[in-house]
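Residue numbers start from 1 in every chain, and the chains themselves are labelled A, B, ... in the order their sequence lines are given, proteins ahead of strands. Everything quoted here is computed from the prediction, not taken from an experiment. All values below come from the heavy atoms of this structure, side chains included, with hydrogens, waters and symmetry mates left out.
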Protein chains: 2
Amino acid sequence: MSRTYSIRDLADEFDITTRTIRFYEAEGMLNPQREGQTRIYTPQDRITLKLILRGKRLGLSLAESRELIDMYRPGLEPEANRPQLEKLLAVIEQRRSHLRQQLHDIERMMQDLDDAELKASEALAALTGA
Amino acid sequence: MSRTYSIRDLADEFDITTRTIRFYEAEGMLNPQREGQTRIYTPQDRITLKLILRGKRLGLSLAESRELIDMYRPGLEPEANRPQLEKLLAVIEQRRSHLRQQLHDIERMMQDLDDAELKASEALAALTGA
DNA sequence: AGTTACCTTTACGTTAACGTAAACCAATAT
DNA sequence: ATATTGGTTTACGTTAACGTAAAGGTAACT
C-alpha cells in the first residue's frame, strides 16, 4: 500500500506542466496505472520522472535519458546478452567523457564569472564612491 | 599584422559547419571583416566563437551565451551605468547557481554511472566465466 | 574554355520538446 | 441544477538552431 501520486502532485513537485508529464508518457518513458481514466503514479514512476528531469538539466535529450534510465531497470534477470552489455559499457564511457568535458567547461566558466564579477563590482564601487 | 582565419579554418578547428558560423553572424554574435565578399576572422572572433561553443556544451542558448559574452567585451569605458551593472551582477549570480545545480547533477549521475558500470561488468564477467 | 574548389546569399525544411486550444467527462461545492 | 475544479484526448502551433538545396561569383588549375 505504498503511496501514489496524481499527475498534479508530480507537476507541482517538479514545477512542470501536466502536459509535459503526458508527453513523457506518450514517448514511452512513463507507464502509470489508471483508475478509470485518471493516471495514478507510483513512487517508481516518480523516480523515473526525477531521472528524466536530471538528464534534462544536464542537456541530455529525452532519447539519451531513456537510454540511461533503461540501464537501471533491473532487466528481470541477466537476460541481457553480451553485445548488449558491451554496448552499454561503451555508452557509459562515452557519457562519462561528456560529463568530464562539462566539468571542465564549468570550471573555466566559473573562473570567467569570477573575473567578470570582480570587474563589475569594481566598476560599481567606482560609481558609488564617485 | 596578427593572424586571420578563413571561415573554413574555424569550421575545421571547431568541427562545425560554415553554415553554423554564418548563422552566428546573422544572430549578431560575430562581425568578421570582409575582403570583397569573403569573410575574414580575427583571433578575437575566434575566441568569441570558442565562448559560444563552450556555452553550447553547457546547454546555454545562444541568447544566454550572448549575454555572457557581451559582459566580457570591455565596454570602451565604464560607460556602463549602475542599473546595467547591477543587472549584470544578478545575471552572474543566477548563472552561477545554475552551474552549481549542474555540478550537483553531474556528481549524482557519475555515481549512478559507477553503479551501472559495476553491475554491467559483473554481469558480463558472469557470462564470460560461464 | 572548362572544371574544380571555395566562397557567397536566399530561402525553405527539419527536429525536439513541449505550448495552447478545443471539446469532453466526473466529482464536488453551492 | 449548475458552476467550479481537475482530469482526459486530439490536434495544430511554436521556437531554437541549424540542415539542405538552389543559384551564382571568383580564383586557380589543366
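- Neither OP1 nor OP2 of C:dC7 sits under 4.0 Å from any side-chain N or O of B:Arg39.
- One atom, CD1 of B:Ile52, and another, P of D:dA16, lie 16 Å apart when rounded to the nearest Å.
- Distance, B:Tyr41 OH to C:dC6 P: 16 Å, rounded to whole Å.
- Contact annotation: A:Tyr24 side-chain N/O to C:dA17 OP1/OP2 distance is not under 4.0 Å.
- Distances were taken from every side-chain heavy atom of B:Thr20 (C-beta onward) to each of D:dA11, D:dG19, C:dA17; the shortest belongs to D:dG19.
- Side chain of B:Glu64 to main chain of B:Ser61: a donor-acceptor pair is present (N/O by atom type, distance under 3.5 Å, no hydrogens or angles).
- Between B:Glu35 atom CD and D:dA27 atom P there is a gap of 11 Å when expressed in whole angstrom units.
- Once rounded to the nearest 0.5 Å, the distance linking CG of B:Leu51 with CZ of B:Arg46 reads 10.5 Å.
- Between B:Arg96 and A:Asp114, at least one side-chain nitrogen of the basic residue sits less than 4.0 Å from a carboxylate oxygen of the acidic one, meeting the salt-bridge criterion.
- Salt bridge status for B:Arg57 with A:Asp105: present, with a side-chain N to carboxylate O gap under 4.0 Å.
- With A:Ser97 as reference, A:Arg100 is the one residue of A:Gln94, A:Arg100, A:Gln101 to meet the side chain to side chain contact (heavy atoms under 4.5 Å, CB included) rule.
- Protein atom CD of B:Glu27 is 8 Å distant from nucleotide atom P of D:dA16, rounded to whole Å.
- Minimum atom distance to the side chain of B:Arg8 is reached by C:dC7, of the listed D:dT9, C:dC7, C:dA17.
- Between the C1' atom of D:dG19 and the CZ atom of B:Arg22 lies a distance of 13 Å, rounded to the nearest Å.
- Between the P atom of D:dG7 and the CG atom of A:Leu10 lies a distance of 11 Å, rounded to the nearest Å.
- Among the nucleotides C:dC7, D:dG19, D:dT9, the one closest to any side-chain atom of B:Thr17 is D:dG19.
- The nucleotide whose nearest atom lies closest to any side-chain atom of B:Thr38 is, among D:dT9, C:dC7, D:dC18, C:dC7.
- The residue among A:Phe23 and B:Asp9 whose nearest nucleotide of DNA chain C is located toward the 5' end is B:Asp9.
- Both A:Arg19 and B:Ser6 lie close to DNA chain C; mapped to their nearest nucleotides by heavy-atom distance, the more 5′-ward contact belongs to B:Ser6.
- Each of B:Ser61 and B:Gln37 lies near DNA chain D, and the nucleotide nearest B:Ser61 is the one positioned closer to the 5' end.
- Atoms CZ (A:Arg66) and P (C:dA16) sit 10 Å apart, rounded to a whole Å.
- With D:dT8, C:dC18, C:dT8 as the choices, the nucleotide that has an atom nearest any side-chain atom of A:Lys56 turns out to be C:dC18.
- When rounded to the nearest whole Å, the span between CG of B:Asp12 and P of C:dA5 equals 15 Å.
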